[in-house]
Amino acid sequence: MLKNDSVRYPALIDGEKGAYGVAFPDLPGIVAMGDTIDKALMNAEEALRDYAIETEMDGDAIVQPCELDEVVVEPGQILTAVPLIRQSGRSVRIHMAINEGVAVFIDSEANRRGMTRTAYVEWMARRIAMMGG
């Protein structure tokens, strides 16, 4: 079983419609791009995960993130936090009971996006994790 560190790294978003970039102030050289902010953030999550995997494979310690209020934000940049979500490549079955209306919404959105219910719920959990809280 994977340990849950619940670590979030400050990230700066910049760019314009159709071309967004995400950079991690604590991790120079770790960047991601996307044609929407959502896609750039999902790519940033993957870049962060790749950084952690490569760093650990090299036997080095992962840099601990600074606090959000320590980051200097330049005009035109948006400050957010990207979670380090470790994926094992192994699926686990969980059983949940949710409101019927929510289930209908999940199925409708999953269908609209060409995703399975499971893929949609996982995708939404990752998006919500990026919102912090």
Side-chain angles (χ1 to χ4, degrees):
M1 179 173 234
L2 292 175
K3 67 178 181 173
N4 182 4
D5 293 335
S6 201
V7 178
R8 297 173 187 278
Y9 284 80
L12 294 167
I13 304 167
D14 65 10
E16 56 190 41
K17 188 173 183 175
Y20 294 97
V22 179
F24 296 95
D26 295 314
L27 307 169
I30 308 298
V31 297
M33 303 293 292
D35 58 357
T36 66
I37 291 175
D38 276 348
K39 287 179 184 174
L41 286 171
M42 295 304 273
N43 292 338
E45 178 197 318
E46 186 174 336
L48 183 58
R49 185 171 41 256
D50 289 347
Y51 155 76
I53 290 168
E54 292 296 321
T55 300
E56 290 173 337
M57 283 177 50
D58 290 344
D60 297 327
I62 296 173
V63 172
Q64 291 302 303
C66 68
E67 297 295 324
L68 284 176
D69 59 4
E70 297 173 11
V71 177
V72 175
V73 181
E74 300 294 334
Q77 293 180 325
I78 301 168
L79 176 63
T80 189
V82 175
L84 174 55
I85 301 175
R86 297 173 181 270
Q87 295 186 354
S88 68
R90 188 173 56 96
S91 294
V92 296
R93 180 173 292 278
I94 62 172
H95 299 278
M96 301 172 23
I98 60 175
N99 179 281
E100 180 181 21
V102 174
V104 168
F105 172 78
I106 289 169
D107 289 342
S108 173
E109 283 298 298
N111 185 50
R112 183 175 74 82
R113 295 171 185 273
M115 303 168 87
T116 65
R117 177 189 291 166
T118 299
Y120 180 75
V121 169
E122 183 176 306
W123 178 74
M124 282 303 299
R126 290 174 32 212
R127 286 190 56 180
I128 296 300
M130 280 186 230
M131 294 171 64

Basic-acidic side-chain contact under 4.0 Å: Arg49, Glu46:
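No.
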Ignoring hydrogens, what is the shortest heavy-atom contact between [X] and [Y]? Give both atom names and the distance.
X	Y	answer
Val82	Glu45	CG1-CA, 3.7 Å
Pro65	Pro10	CB-CD, 3.8 Å
Pro25	Pro28	O-CD, 4.2 Å
Phe24	Ile30	CD1-O, 3.3 Å

Grouping I, L, V, M, F, W and Y whenever their side-chain heavy atoms are under 4.5 Å apart, do [X] and [Y] come out in a common cluster?
X	Y	result
Leu84	Val63	yes
Val92	Ile85	no
Val121	Met42	yes
Ile94	Ile98	yes

Roughly how far, to the nearest 0.5 Å, is [atom2] of [Y] from [atom1] of [X]?
X	Y	atom1	atom2	value
Ile37	Tyr20	CD1	OH	4.5 Å
Thr116	Ile106	OG1	CD1	11.5 Å
Asp38	Trp123	CG	CH2	6.0 Å
Leu12	Leu79	CG	CG	6.0 Å
Asp60	Thr55	CG	OG1	6.5 Å
Thr80	Leu68	OG1	CG	7.5 Å

Near Arg117 CZ, under 6.0 Å, is it more than 12 heavy atoms from other residues, nucleotides or ligands?
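Result for CZ/Arg117: open.
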Would you say CD of Glu70 has more than 12 non-hydrogen atoms from neighbouring residues, nucleotides or ligands within 6.0 angstrom?
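Yes, the 6.0 Å shell around CD holds more than 12 heavy atoms from other groups.
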Residue pair [X] / [Y], side-chain heavy-atom distance below 4.5 Å:
X	Y	value
Met124	Met115	no
Tyr9	Ile62	yes
Leu48	Leu27	yes

Between Asn43 and Met33, is there a donor-acceptor pair closer than 3.5 Å when you use the side chain of the first and the backbone of the second?
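Here the side-chain-to-backbone pair exists.
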So, the side chain of Asn111 versus the backbone of Asp107: is there a donor-acceptor pair under 3.5 Å, distance only?
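Side chain of Asn111 to backbone of Asp107, a donor-acceptor pair under 3.5 Å: no, none is there.
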